[in-house]
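Below you'll find the structure, written out as structure tokens, and then a few comments.
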Amino acid sequence: ERDLPRPPDDALAHLDPPTPKQLQDAIDQHLRREYALLIQDMRAADRDDLADQLLAEARQDYPNDPSLIKLGQPKSE
């Protein structure tokens, strides 16, 4: 059985109890952040092929996320 990603407890601590939309928003924010960190880690490990695949997957789920858009832009030298 796989553990589903879940936002840190502090992301929901101020909500009593969270609405389904608040919970979904917190989960989405957490997943966007985790995608960005994982993509950066793969690039740092010279795994650009995997980073590109993860970025494509992330952009399908979150096409308007600024951090993912920035990760997809060529680096300026």
Side-chain angles (χ1 to χ4, degrees):
E1 184 176 308
R2 262 182 84 175
D3 289 331
L4 294 175
R6 123 187 162 94
D9 291 334
D10 61 335
L12 299 175
H14 67 283
L15 307 173
D16 187 36
T19 66
K21 177 160 179 17
Q22 290 170 322
L23 184 57
Q24 185 62 54
D25 289 347
I27 291 169
D28 284 341
Q29 181 180 4
H30 178 74
L31 288 174
R32 289 190 310 265
R33 185 173 46 247
E34 291 300 316
Y35 262 127
L37 291 172
L38 184 56
I39 292 163
Q40 290 169 351
D41 286 348
M42 292 300 102
R43 295 228 189 274
D46 292 325
R47 293 295 313 270
D48 289 330
D49 55 334
L50 185 53
D52 291 342
Q53 291 173 8
L54 287 166
L55 181 58
E57 180 180 310
R59 292 289 307 272
Q60 280 186 326
D61 291 339
Y62 307 105
N64 299 318
D65 184 85
S67 63
L68 296 173
I69 292 170
K70 186 175 179 180
L71 285 172
Q73 296 172 344
K75 294 178 184 173
S76 56
E77 312 241 4

**OP:** Scan residues 58-74 for pairs that pass salt bridge (charged side-chain N to carboxylate O under 4.0 Å, His left out), counting only residues two or more places apart or in two chains.
**Re:**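 The answer is Arg32-Asp65.
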Original post:
Residues in salt bridge (Lys or Arg N to Asp or Glu O under 4.0 Å) with Asp41, at least two apart?
Top reply: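 Partners of Asp41 under the salt bridge (Lys or Arg N to Asp or Glu O under 4.0 Å) test: none.
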**OP:** Look up atom CG in Leu31 and atom CG in Leu38, then write down how far apart they are to the nearest 0.5 Å.
**Re:**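 The CG atom of Leu38 is 11.5 Å from CG of Leu31, to the nearest 0.5 Å.
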**OP:** Find the distance between CG (Leu71) and CG (Leu37) and round it off to the nearest 0.5 Å.
**Re:**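 It comes to 9.5 Å.
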Original post:
Taking Gln29 for the side chain and Ala26 for the main chain, is one N or O donor matched with an acceptor at less than 3.5 Å?
Top reply: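 Side chain of Gln29 to backbone of Ala26, a donor-acceptor pair under 3.5 Å: no, none is there.
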**OP:** Please identify each residue that fulfils side chain to side chain contact (heavy atoms under 4.5 Å, CB included) with Glu57, with sequence neighbours left out.
**Re:**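 Listed in chain order: Tyr35.
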Original post:
What residues form a side chain to side chain contact (heavy atoms under 4.5 Å, CB included) with Leu50, not counting sequence neighbours?
Top reply: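 Expected list: Met42, Arg47, Gln53, Leu54.
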Original post:
How would you list, by chain and number, every residue that makes a side chain to side chain donor-acceptor pair (under 3.5 Å) with Asp28, sequence neighbours excluded?
Top reply: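 Testing Asp28 for side chain to side chain donor-acceptor pair (under 3.5 Å), a comparison that skips the adjacent residues, returns Gln24, Tyr62.
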Original post:
At their closest point, which heavy atom of Leu68 faces which heavy atom of Ala58, and how far apart are they?
Top reply: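 What the structure gives for the nearest pair is CD1-CB, 3.8 Å.
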Subject >> Side chains of Asp52 and Arg43 in contact at under 4.5 Å (non-hydrogen atoms) >> reply: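 The answer is yes, as the side chains (C-beta and beyond) meet within the 4.5 Å cut-off.
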